[in-house]
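All ligand and atom numbering here is 1-based and tracks the order in the structure. In what follows, every heavy atom counts, from backbone to side chain, and hydrogens, waters and symmetry copies are set aside.
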Amino acid sequence: MQIRRFEDGDADAIAEIIRRCLREVNIRDYPAETIERMCAHYDAARLRELAEQREIVVAAAGDALLGTVSRDGYKVFTMFVDPDHAGEGIGRKLMNHLEEQVRNAGFDFVEAGASITAHAFYQKRGYIDVRETDTEFGLNYILRKPLFETEAAG
Ligand SMILES: CC(C)(COP(=O)(O)OP(=O)(O)OC[C@H]1O[C@@H](n2cnc3c(N)ncnc32)[C@H](O)[C@@H]1OP(=O)(O)O)[C@@H](O)C(=O)NCCC(=O)NCCS
């Protein structure tokens, strides 16, 4: 599996992964109406637009795309893994890659905006709660992790 920069041609497949995550996984923590608004928000056109403002990376196995995460400076957003491949370490590899990018950019901490669904994933990686925020897409947790320590969770 390869972690590489998002390309315009990835937009449809990544939008589909995001829609599937939202409808199959995040639906257990958020109302259906919120889920559908998020699905409409993260369409292919929006992803191409976001790619100009943020660094978006994808996890790829051959031609198949398996997940994505993005970053703006020290802030990490939009982490989604194909539900058929959840629990296979793809999220961990995406985060390892992005945290390294944040470290290389000179920041000594990384910040994540986490859904209720992914909150424990970040805590397990050593992220510490900073605050909760009410967004247009419901409750999110803001967490931070120092980058100057050796990674325990790897
Ligand atoms: C959260 C998510 C990105 C995790 O990706 P993943 O590829 O399934 O995670 P990994 O297989 O790399 O798991 C790494 C570790 O985190 C744990 N983990 C994964 N998802 C978790 C969760 N939701 N809660 C708690 N722990 C979790 C795994 O058990 C594993 O633990 P280990 O190191 O002891 O083996 C993925 O499940 C997902 O896309 N969820 C829905 C979308 C979402 O909520 N995205 C976040 C928006 S901020």
### Message
With side chain to side chain donor-acceptor pair (under 3.5 Å) as the rule and sequence neighbours excluded, what pairs involving residues 4-13 come up?
### Response
R4-D10
### Closest candidate by heavy atom, reference atom 21 (C) of ligand 1, pool Y122, F121, Y141
F121
#### Entry: R54 charged N/C atom sitting above F77 aromatic ring, 6.0 Å / 45°
yes
### Task
Would you check whether E88 has a nitrogen or oxygen atom less than 3.5 angstrom from a nitrogen or oxygen atom of ligand 1?
yes
### Task
Using distance alone, decide if ligand 1 has a nitrogen or oxygen within less than 3.5 Å of any nitrogen or oxygen in V25.
no
### Query
So, H85 and E88: side-chain donor and acceptor under 3.5 Å apart, yes or no?
yes
### Query
Going by atom types only, do R131 and N140 share a side-chain donor-acceptor pair under 3.5 Å?
no
### Summary
At under 4.0 Å between heavy atoms, what of A120 touches ligand 1? The answer is both
### Message
With nothing but distance in play, are any N or O atoms of G87 less than 3.5 Å from an N or O of ligand 1?
### Response
yes
### Message
Do K145 and V102 make a side-chain contact, defined as non-hydrogen atoms from C-beta onward lying under 4.5 Å apart?
### Response
no
### Short side-chain to backbone donor-acceptor contact, R46 and H41, under 3.5 Å
yes
### Task
Look only at interatomic distance and state if C21 has a nitrogen or oxygen under 3.5 Å from any nitrogen or oxygen of ligand 1.
no
## Note on the structure
With heavy atoms and a 4.0 Å threshold, my read on which part of K93 contacts ligand 1 is neither
### Summary
Among G113, G67, G91, the residue with a heavy atom nearest to atom 7 (O) of ligand 1 is G91
### Task
Please work out which of R92, E24, M38 has its closest non-hydrogen atom nearest to atom 35 (O) of ligand 1.
R92
### Message
Donor-acceptor check, side chain of Y30 to backbone of L139, threshold 3.5 angstrom: yes or no?
### Response
yes
## Note on the structure
Ranking V81, D82, N140, I116 by closest non-hydrogen atom to atom 39 (O) of ligand 1, top hit is V81
### Message
Show the atoms of ligand 1 that are less than 4.0 angstrom away from any heavy atom in A118.
### Response
1 (C), 44 (O), 46 (C)
### Query
Is there a donor-acceptor pair closer than 3.5 Å between any side-chain N or O of R125 and the backbone N or O of Y127?
no
### Task
Measure N26 to ligand 1 on non-hydrogen atoms and call it side chain, backbone, both or neither using the 4.0 Å cut-off.
side chain
### Message
Is it the case that ligand 1 has an N or O less than 3.5 angstrom from some N or O of R28?
### Response
no
